[in-house]
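Structure first, then comments.
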Amino acid sequence: MKNRLKILRAERDWSQAELAGRLDVSRQAVNAIETGKHDPSLPLAFRMSRLFGLPIEDIFEDDADG
């Protein structure tokens, strides 16, 4: 699954650790999601959506769509 997490984080000048703290996950989890090694759980995807003020579809894109 592709995502815009790194771009959205950079736009806010947040480190991976800062984003992790805001989402209550580890920095390693943020890194794994950003690099596409791990897909977030649905509850985590909703937390990201609320944090960035964007629909989930604006943060994540199914590989089949691209």
Side-chain angles (χ1 to χ4, degrees):
M1 180 182 307
K2 297 178 186 177
N3 69 74
R4 297 180 52 224
L5 197 56
K6 185 174 183 176
I7 294 165
L8 294 169
R9 179 175 59 77
E11 288 174 352
R12 288 152 180 83
D13 199 30
W14 293 343
S15 67
Q16 286 183 342
E18 287 173 309
L19 178 57
R22 292 170 188 268
L23 295 171
D24 197 27
V25 298
S26 68
R27 185 203 57 80
Q28 291 86 350
V30 169
N31 180 268
I33 294 167
E34 281 187 358
T35 58
K37 294 177 183 167
H38 179 73
D39 292 334
S41 66
L42 192 54
L44 179 54
F46 274 106
R47 286 201 307 270
M48 291 175 179
S49 174
R50 285 191 297 273
L51 179 64
F52 291 113
L54 296 169
I56 291 174
E57 297 86 359
D58 286 356
I59 302 171
F60 297 96
E61 177 182 318
D62 187 355
D63 287 336
D65 291 343

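Everything numeric here is computed off the predicted structure, so don't read it as measured data.
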Can you give each donor-acceptor pair under 3.5 Å made by side-chain atoms of residues 49-60, sequence neighbours left out, with the distance rounded to 0.1 Å?
residue: S49; atom: OG; partner: L54; partner atom: O; Å: 2.4

Show every salt bridge (charged side-chain N to carboxylate O under 4.0 Å, His left out) that has at least one partner inside residues 12-33, sequence neighbours left out.
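Those involving residues 12-33 do not exist here.
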Check M1 against E61 and note the closest heavy-atom contact, atom names and distance.
CG-O, 3.5 Å
Please walk me through it: do N3 and M48 pass side chain to side chain contact (heavy atoms under 4.5 Å, CB included)?
CA-CA 11 Å; N3 69 74; M48 291 175 179; over 6 Å; no
Scan residues 28-42 for pairs that pass side chain to side chain donor-acceptor pair (under 3.5 Å), counting only residues two or more places apart or in two chains.
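For residues 28-42: R9-E34, Q16-E34.
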Give, for atom CG of L23 and atom CD1 of I33, the distance between the pair rounded to the nearest 0.5 Å.
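L23 CG to I33 CD1: 8.0 Å, rounded to 0.5 Å.
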Are V25 and L42 connected into the same hydrophobic cluster when the rule is that any two of I, L, V, M, F, W, Y join if their side-chain heavy atoms are below 4.5 Å apart?
yes
